[in-house]
Novice: 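Can you read through this structure? Questions will come right after.
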Amino acid sequence: MKLLVTGGAGFIGGNFIYYILNRHPEDKVVCLDALTYAGNMETLASAMGNSHFTFVKGDISERETVFDLFQKEKPDIVINFAAESHVDRSIVDPGLFLHTNILGTGVLMDACRKYGVKRYHQVSTDEVYGDLPLDQPDLFFTENTPLHTSSPYSASKASADLLVLAYHRTFGLPVSISRCSNNYGPYHFPEKLIPLMIANALNDKPLPVYGKGENVRDWLYVEDHCAAIDLIVRKGREGEIYNIGGHNERTNLQVVKAILSELNKPESLIRFVTDRPGHDRRYAIDPTKIHNQLGWKPVTRFEDGIKRTVKWYLENRPWWEHIVNGEYQNYYARMYGNR
Ligand code: NAD
Ligand code: TYD
């Protein structure tokens, strides 16, 4: 089986590539990634020597690049992680999100139609459902919850989901979609809550908490997400949407305090700052469908996952320090420029 993984130099795609190379050593993996600010070849350094792994630098929205790659590699399964993924950046520059997240998805699916794939899988997000109130803890997102987006990021992801379902209905493309809650774990870019707080705390810098820190996210350890996607692309039904989440809800303040306690750093580092415009209050996934149909359930409790994550950032300081000082962006040219 040959898998094309887009966005594999990013956080979840990178973890997914290692998951596949370890769990399915018979498979071949091709990664297509444009290496935007979020793409980091240092994340894929350990995969580069594997004869079952190929890296291609390219943009999913560039038709010629994508079609040439499909012609050459003829992937069986395409898993699209490539996206602009940060809500705060989408508030500053929405256009880029529409281009990559919607048009890029369309180009990939056109190539899937032309060259024929067994499955096109779209990695989506629970943010397409909007948010839930803080005072009704019994409410959860199911696959039938209406789309109701808040940010340009979530609107672009919801648009892409609709396009994927349209390609299934109109062209019969064999698709699936997963909508996952917030991930955390190794290789998470330090602009997102958990890695940013770890990096700042280690540097004794203030930890900027938006609003009162009351917003709730449903945290999933990234390896559990990878396991779910692996199951969906091999055993999940065509045309179906699967919610992925682990009933690990925490307020942002609880998360930040857990990190400080793990690092033995004082809570006086916390700074409450101006809230994010349109800030979603609570995300919470009902994962009953994927559990009943495919037997998936998360194995990592938040208490264990956050310990493992903090330990990873302590043991891999160069990885995130190169991001903070910008050095990671020269890595590709340095390592692969003359190859
Ligand atoms: P990320 O920002 O860490 O990585 C995105 C990757 O995509 C980067 O390597 C980047 O270089 C690449 N990329 C961006 N634009 C591209 C383009 N035009 N062509 C090719 N590559 C391009 O993102 P992530 O957190 O790993 O998220 C991966 C996917 O999972 C996204 O689709 C995101 O919407 C979704 N998701 C993320 C979370 C989360 O908590 N991080 C939760 C649910 C869903
Ligand atoms: P983030 O990691 O950006 O993920 P998302 O917005 O996709 O859920 O943010 C997680 C939560 O943490 C969200 O409620 C916003 C909040 N947050 C802060 O309080 N401070 C920060 O510096 C960041 C980046 C996020």
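Note that ligands are numbered from 1 as they come in the structure, with each ligand's atoms numbered from 1 the same way. Note that the structure is a prediction, hence the values are computed from the model and not measured. Just so you know, residue 1 is the first one in the sequence shown, and it goes up from there.
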Novice: For the 3.5 Å polar cut-off, considering only N or O atoms, please tell me whether D33 and ligand 1 meet it.
Specialist: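 The answer is yes, given that D33 and ligand 1 share an N or O pair closer than 3.5 Å.
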Novice: Give a yes/no verdict on whether any heavy atom in S124 is under 4.0 Å from an atom of ligand 1.
Specialist: yes
Novice: Report the residues that fulfil salt bridge (charged side-chain N to carboxylate O under 4.0 Å, His left out) with D204, sequence neighbours left out, ordered by chain and then residue number.
Specialist: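 Result, salt bridge (charged side-chain N to carboxylate O under 4.0 Å, His left out) vs D204: K265.
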Novice: Within less than 4.0 angstrom of ligand 1, does T6 place any heavy atom?
Specialist: no
Novice: Measuring from the heavy atoms of G58, does anything fall under 4.0 Å of ligand 1?
Specialist: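 True for this residue.
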Novice: Is the shortest side-chain N to carboxylate O distance from D304 to R308 below 4.0 Å?
Specialist: no
Novice: Does ligand 1 come near enough to S61 that some N or O of the ligand is less than 3.5 Å from an N or O of the residue?
Specialist: no
Novice: For E249, give me all partners under side-chain hydrogen bond (donor to acceptor under 3.5 Å, both in side chains), at least two apart in sequence or on another chain.
Specialist: R282
Novice: Checking the N or O distance criterion of under 3.5 Å, is ligand 1 in contact with H225?
Specialist: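 It does not: no N or O of H225 is found under 3.5 Å from an N or O of ligand 1.
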Novice: Run the numbers on Y328 and W319 for ring-ring contact (aromatic ring centres under 6.0 Å, His included), then give the verdict.
Specialist: CA-CA 8 Å; Y328 77 108; W319 182 87; 8.3 Å; no
Novice: Y153: heavy atom below 4.0 Å from ligand 1, yes or no?
Specialist: yes
Novice: Kindly confirm or rule out an N or O of N80 lying under 3.5 angstrom from an N or O of ligand 1.
Specialist: no
Novice: Indicate the ring-plane relationship of Y221 and Y184, choosing parallel, tilted or perpendicular according to the 30° and 60° boundaries.
Specialist: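 Judged by the thresholds at 30° and 60°, the geometry between Y221 and Y184 is perpendicular.
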Novice: Within 45 degrees of the ring normal and closer than 6.0 Å to the centroid, is that where the cationic atom of K289 sits relative to Y242?
Specialist: yes
Novice: Decide whether an N or O pair under 3.5 Å exists between T125 and ligand 1.
Specialist: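 No, there is no polar N/O contact under 3.5 Å.
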Novice: Please indicate whether any nitrogen or oxygen in Y37 is less than 3.5 Å from any nitrogen or oxygen in ligand 1.
Specialist: no
Novice: Hey, is K307 close enough to E262 for a salt bridge, meaning N to O under 4.0 Å?
Specialist: yes
Novice: Suppose we screen for side-chain hydrogen bond (donor to acceptor under 3.5 Å, both in side chains). Which residues come up paired with T309, at least two apart in sequence or across chains?
Specialist: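 If we apply the side-chain hydrogen bond (donor to acceptor under 3.5 Å, both in side chains) test to T309, skipping adjacent residues, there are no hits.
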Novice: Is there side-chain contact between F70 and C112, with heavy atoms separated by less than 4.5 Å?
Specialist: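 They are in side-chain contact.
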Novice: Tell me which residues fall inside the under-4.0 Å heavy-atom shell around ligand 2.
Specialist: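 Ligand 2 pocket, heavy atoms under 4.0 Å: H86, V87, E127, N182, E191, K192, L193, L196, M197, P208, V209, Y210, N215, R217, N252, R276, H279, Y283.
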Novice: Indicate yes or no: does an N/O atom of C180 lie under 3.5 Å from an N/O atom of ligand 1?
Specialist: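 In fact, backbone or side chain, C180 has no N or O that close.
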Novice: Give yes if a backbone or side-chain nitrogen or oxygen of A82 is under 3.5 Å from a nitrogen or oxygen of ligand 1, and no if not.
Specialist: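 It does not: no N or O of A82 is found under 3.5 Å from an N or O of ligand 1.
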Novice: Within the structure, does F81 bring an N/O atom to less than 3.5 angstrom of an N/O atom in ligand 1?
Specialist: yes
Novice: Between G8 and ligand 1, does any nitrogen or oxygen pair lie at a separation below 3.5 Å?
Specialist: no
Novice: Within 45 degrees of the ring normal and closer than 6.0 Å to the centroid, is that where the cationic atom of R89 sits relative to Y37?
Specialist: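 Yes, a cation-pi geometry.
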